[in-house]
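Computation of the quantities below employed the complete heavy-atom set of this structure, encompassing side-chain atoms and omitting hydrogens, waters and symmetry-equivalent molecules. Fair warning: this is a prediction, and the values are worked out from it, not measured in the lab. Start at 1 and go down the list; that is how both ligands and their atoms are numbered.
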Amino acid sequence: MKNFDDYKDNSRKENLKFESKVVHGAYGTDPTTGAISYPIYQTATFKHHSIEDKTGYNYARCINPTREELERLMCILEEGNRAFAVNSGMAAITLVLSLLKPGDHMILSDDVYGGSYRAVNEVLKPIGVENNSIDLTDLDLLKKTIKPNTKLILIETPTNPMMKVADIEKIVEIAHKTGIIVVVDNTFLTPYFQKPLTLGADIVLHSGTKYLGGHNDVLAGIVVVKDKEIGEKLEIQMYINGAGLGPMDSWILLRGIKTLALRMDKHNENTMKVAKWLRNHPKVEQVYYVGFEDHKDYAVTKKQTTGFGGMISFRVDSVKTVNEILNRLKLVIFAESLGGVESLITHPVSRTHTEIAEETRKALGITDTLLRLSVGIENADDIIADLDQALK
Ligand SMILES: Cc1ncc(COP(=O)(O)O)c(C=O)c1O
């Protein structure tokens, strides 16, 4: 088992700017050979020299050097003390939710990713972990919903797909009065634009499948924590559930992260252009985008993030238009997922949010005329031209 402080290791490059940190990693180069590309330690187990002479490595379910490099880097980027790289965003979410036990209560954002909703309602609820999904932008409602047995708040911000922005600092202030753990799903903005741990959150998690990987070619999840005790609990859980990310996938993520800053800037720039264009289209009734100054949570966004990200949801005038768009698009791809270099569009009602009960979906605004667009890093004019011909 590695020492807690070995993972921290954010001393060496702490003066670098974010753009340099992503390129140069934690160790960055291989400490044993100097290889510039951190090696893929494709091994299941490790040789011991003797009973006394330990290398710190034993068995790859528990520890692997490539995964460790990724975990160290994520600690540096999110400003945490211990990270876990696991094999999907859902594995990251279920790892964090393993902190709960029967009799506990948790609160989560009302329009979260469908998988998180399913995890709390179909897995945790039957074993006695209750939950309330609420609008976390309503702090009075949050105060009223907290119970004596509330142990954890899971914030997705911006939410998926309605792009509501919860105030992380204010939620932390309320939660920490009674020792509630605050978890932020930072998938949409990444630490390039938002660092929840610096805003007081206890745990940050990611679907690394999205912007961190960035190329729609790997499934991964990341958890970063500040607190040593929480880190130790999660470490044991990860040894048991065997969800550790494999060395090859860890390397793909390390490579993807090298261009995170560049990609996020381009996603940000393109998304602003596409959102403005969509807003003026006669067949588009509403655009949900956190970068609009008249977005109801714009002040919170400006306070806690340095960018708006690459996600837009928009409502069109009819289901006929939805079908026309999805059938006619040539560049933008109709597919689940988000955060990759390719622009992807999805229909939350029939794809990502099927798990959510119909009446809840309707109340949230997740209707059959809503589309969610992950704006890629192509030329923005090409994306707009494609949408234009599809919306004709
Ligand atoms: C915000 C968010 N969190 C978590 C997940 C789950 O991630 P994964 O698909 O990597 O398991 C997703 C997936 O779409 C997501 O959008």
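Taking 4.5 Å as the limit, every side-chain heavy atom of K177 sits out of range of all side-chain heavy atoms of K143. By the 4.5 Å heavy-atom criterion applied to side chains, V129 and H105 are not counted as neighbours.
Every atom of ligand 1 is numbered from 1 in the order shown, and the set under 4.0 Å from a heavy atom of D185 is 1 (C), 2 (C), 3 (N), 4 (C). The contact set between ligand 1 and T187, taken as ligand atoms under 4.0 Å from a residue heavy atom, comprises 1 (C), 2 (C), 3 (N). In the vicinity of N160, heavy-atom distances shorter than 4.0 Å reach the ligand 1 atoms 16 (O). Below 4.0 Å from some heavy atom of I93 lie the following atoms of ligand 1, by number and element: 4 (C). Atoms of ligand 1 lying under 4.0 Å from at least one heavy atom of S88, given by number and element, are 10 (O), 11 (O).
Counting heavy atoms only, G89 comes closest to atom 8 (P) of ligand 1 of the residues A91, G89, P161.
In this structure, K210 has a heavy atom closer than 4.0 Å to ligand 1.
Under the 4.0 Å criterion applied to side-chain N and carboxylate O atoms, E336 and R351 are assigned as salt-bridge partners.
For F334, the CZ atom sits in a packed shell: over 12 heavy atoms of surrounding residues, nucleotides or ligands are nearer than 6.0 Å.
Looking only at heavy atoms of the protein, atom 5 (C) of ligand 1 is closest to Y113 CD2, 3.4 Å. In this structure, atom 11 (O) of ligand 1 lies nearest to the protein heavy atom M90 N, 2.8 Å. Closest to atom 10 (O) of ligand 1 among all protein heavy atoms lies T209 OG1, 2.6 Å.
Residues passing the side-chain hydrogen bond (donor to acceptor under 3.5 Å, both in side chains) test with D167, sequence neighbours excluded: K303.
Between F292 and Y289, the angle of the ring planes goes over 60°, which puts this pair in the perpendicular group of the 30/60° scheme.
The only option from Y41, Y27, Y57, Y38 that meets the side-chain hydrogen bond (donor to acceptor under 3.5 Å, both in side chains) definition with E68 turns out to be Y57. When K195, Q194, H206 are each tested for a side-chain hydrogen bond (donor to acceptor under 3.5 Å, both in side chains) with E78, only one passes: H206.
Counting heavy atoms closer than 4.0 Å to ligand 1, residue E156 contributes side-chain atoms (C-beta onward) but none from N, CA, C or O.
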